[in-house]
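Start at 1 with the first residue, then count along the sequence.
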Amino acid sequence: MTFGARLHAAIADRGPFCVGVDPHSVLLQEWGLGDDVAGLESFALTAVEAIAPYVSVIKPQSAFYERFGSRGIAVLERVIAESRAAGALVLLDVKRGDIGSTSQAYADAYLDPTSPLASDAITVSPFLGFGSLDPIIDTARRHDGGVFVLALTSNKEGPEVQHACTDDGTVAGRMLDHLRRLNADAEPLGSFGAVVGATIGATEEDLAFNGPVLAPGFGAQGGTIADVRRLFGTAAAVLPSSSREVLRLGPDRAAMRDFVQRTNEELRA
Ligand SMILES: O=C(O)c1cc(=O)[nH]c(=O)n1[C@@H]1O[C@H](COP(=O)(O)O)[C@@H](O)[C@H]1O
């Protein structure tokens, strides 16, 4: 089953809310944990246990694990495995992008099912040229994985690059065109998504590209349910994504669980 089909089914079953498991050092402190590998492990696995059974997608941000070196990566491997065991799809947020031959190594690291970091989907940066992502796209197709390509990011610096004009429209618009081509004919949903921040205010870009939109910036960065409704009405599927807003409720598992269930209900309504 393709990633797009699995995501479509997961959203129907659990709702569209995507939760980021991002162990910021300040959150470790707020939870009363040390800013060390033991604290990381306790934080991340508590969050996964509380949240993963109730959401369609868990999105760990790799950098928060990488900062502890190999032992942090080992925790990330467990976050991936335990989230999937709880029935959530894992979107590993790594925002990789490099020349084609190196892109293949990233694809092998994150999308080959024999890798210890194998995930359902990853985030990638297309700003070395969309074609540099071909090995990642091909590997995703081979293993029924998904790829989310940065298009209109939630940060204020993004427009400098993403709104720049080419002969065929903006840079962001070209990324969406590539995704439209990759998702053509996919049923019920393409496996190649775009990252479009919930904070961007408005856009004239065509978000109907038959693939999912990951919408970070929902919650702590100011994006609201009203923004999601207004911005993404034409998208085939949208995953509003939040990290700190949920994690700040921990380590109280019930508070995190209740919040994600309530948010899923509101997003479905
Ligand atoms: O690809 C992403 O997930 C992403 C893209 C983007 O445009 N903006 C953005 O904030 N993110 C990620 O989404 C998460 C947002 O976290 P919170 O602001 O705590 O909800 C972080 O992991 C960011 O790295």
Side-chain angles (χ1 to χ4, degrees), residues 2-4 7-8 11 16-18 20 56-57 59 61 91 93-97 103 121-134 136-137 140-141 145-243 267-268:
T2 64
F3 173 73
L7 179 61
H8 188 265
I11 292 173
F17 192 32
C18 166
S56 49
V57 182
K59 185 180 78 72
Q61 215 310 325
L91 167 53
D93 186 8
V94 278
K95 296 190 186 67
R96 297 301 194 236
S103 285
I122 58 170
T123 55
V124 297
S125 172
F127 301 120
L128 268 71
F130 199 93
S132 68
L133 301 175
D134 283 351
I136 295 178
I137 303 286
R141 281 202 199 283
V147 179
F148 285 81
V149 178
L150 300 181
L152 290 162
T153 57
S154 70
N155 58 315
K156 66 181 187 324
E157 302 85 0
E160 177 186 4
V161 174
Q162 296 151 16
H163 291 184
C165 287
T166 75
D167 292 344
D168 300 316
T170 64
V171 169
R174 286 198 55 127
M175 300 308 126
L176 294 166
D177 288 342
H178 283 295
L179 292 169
R180 199 169 286 111
R181 172 178 53 81
L182 293 176
N183 290 323
D185 305 326
E187 287 271 356
L189 179 68
S191 297
F192 302 102
V195 180
V196 180
T199 53
I200 63 169
T203 182
E204 291 178 6
E205 304 296 351
D206 180 5
L207 296 178
F209 58 92
N210 196 31
V213 171
L214 174 71
F218 181 64
Q221 294 177 47
T224 63
I225 288 187
D227 292 323
V228 169
R229 294 220 169 93
R230 185 172 42 76
L231 281 166
F232 304 115
T234 60
V238 56
L239 295 168
S241 179
S242 194
S243 307
L267 286 166
R268 275 188 206 261

Inset, instruction - Drop me the distance from Gln162's CD to Arg174's CZ, to the nearest 0.5 angstrom. - result: 15.0 Å
Legend entry - Ser191 side chain vs Gly4 backbone, donor-acceptor pair below 3.5 Å: yes
Inset, instruction - Mind listing the closest non-hydrogen atom pair of Pro212 and Leu189 along with its distance? - result: N-CD1, 4.0 Å
Inset, instruction - Using a cut-off of 6.0 Å, state whether more than 12 heavy atoms not belonging to Glu204 lie near its atom CD. - result: no
Inset, instruction - Identify the two heavy atoms, one from Ala172 and one from Ala151, that lie closest to each other, and give their separation to 0.1 Å. - result: CB-O, 3.5 Å
Legend entry - Side-chain donor/acceptor of Arg181 to backbone N/O of Leu176, under 3.5 Å: no
Legend entry - Donor-acceptor contact present, side-chain Arg229 to main-chain Asp227, <3.5 Å: no
Inset, instruction - Using the side-chain contact (heavy atoms from CB on, under 4.5 Å) rule, take Arg141 and Phe3 through it: C-alpha gap first, then chi angles, then the decisive distance, then the call. - result: CA-CA 9 Å; Arg141 281 202 199 283; Phe3 173 73; over 6 Å; no
Inset, instruction - Quick one: pull up CG in Asn210 and CG in Leu179 and give me the separation to the nearest 0.5 Å. - result: 11.0 Å
Inset, instruction - Rounded to the nearest 0.5 Å, what's the gap from CZ on Phe17 to CD1 on Ile11? Could you check? - result: 13.0 Å
Inset, instruction - Report yes if the side chains of Leu150 and Val124 come closer than 4.5 Å at any heavy-atom pair, otherwise no. - result: no
Legend entry - Pairwise distance CG(Leu133) to CG(Leu128) - rounded to 0.5 angstrom: 8.5 Å
Inset, instruction - Answer yes or no: is there a side-chain heavy-atom contact under 4.5 Å between Leu152 and Glu205? - result: yes
Inset, instruction - Over all heavy atoms of both residues, which pair between Ala198 and Gly217 is shortest? Give the atoms and the distance, please. - result: CB-C, 4.1 Å
Legend entry - Side-chain touch Val57/Leu7, heavy atoms, less than 4.5 angstrom: yes
Inset, instruction - For the residue pair Thr153 and Asn155, confirm or rule out a side-chain donor-acceptor distance under 3.5 Å. - result: yes
Inset, instruction - Identify the residue among Leu239, Val238, Val228 that makes a side-chain contact (heavy atoms from CB on, under 4.5 Å) with Phe218. - result: Val228
Inset, instruction - Taking the side chain as every heavy atom from C-beta outward, state whether Pro240 and Leu267 have any pair of such atoms under 4.5 Å apart. - result: yes
Inset, instruction - Quick one: closest heavy-atom pair of Arg268 and Pro16, and the distance? - result: CG-CD, 4.4 Å
Legend entry - CD1 on Ile122 to CG on Asp93, rounded to 0.5 Å: 10.0 Å
Legend entry - Polar side chain donor-acceptor pair, Thr199 to Gln221, under 3.5 angstrom: no
Legend entry - Under 3.5 Å: donor-acceptor pair, side chain of Thr123, backbone of Val94: yes
Inset, instruction - Please round to the nearest 0.5 Å and tell me the distance separating atom CG of Leu91 and atom OG of Ser241. - result: 7.5 Å
Legend entry - Parallel, tilted or perpendicular: ring planes of His178 versus Phe130, cut at 30 and 60 degrees: parallel
Inset, instruction - Decide yes or no for His163 and Val171: does some side-chain heavy atom of the first lie under 4.5 Å from some side-chain heavy atom of the second? - result: no
Legend entry - Side-chain H-bond candidate by donor/acceptor type, Ser243 with Gln61, under 3.5 Å: no
Inset, instruction - Determine whether Val149 and Phe192 make a side-chain contact, defined as any pair of heavy atoms from C-beta on separated by less than 4.5 Å. - result: no
Inset, instruction - Return the minimal non-hydrogen interatomic distance between Gly129 and Ser132, and the atom names on each side. - result: O-OG, 2.6 Å
Legend entry - 4.5 Å side-chain heavy-atom contact, Leu182 and Ile137: yes
Legend entry - Ile200 and Leu231: CA distance, side-chain angles, deciding distance, side-chain contact (heavy atoms from CB on, under 4.5 Å) verdict: CA-CA 9 Å; Ile200 63 169; Leu231 281 166; 4.0 Å; yes
Inset, instruction - Quick one: closest heavy-atom pair of Leu207 and Thr203, and the distance? - result: CD1-CG2, 4.3 Å
Inset, instruction - Report yes if some heavy atom in the side chain of Met175 is under 4.5 Å from a heavy atom in the side chain of Asp177; otherwise report no. - result: no
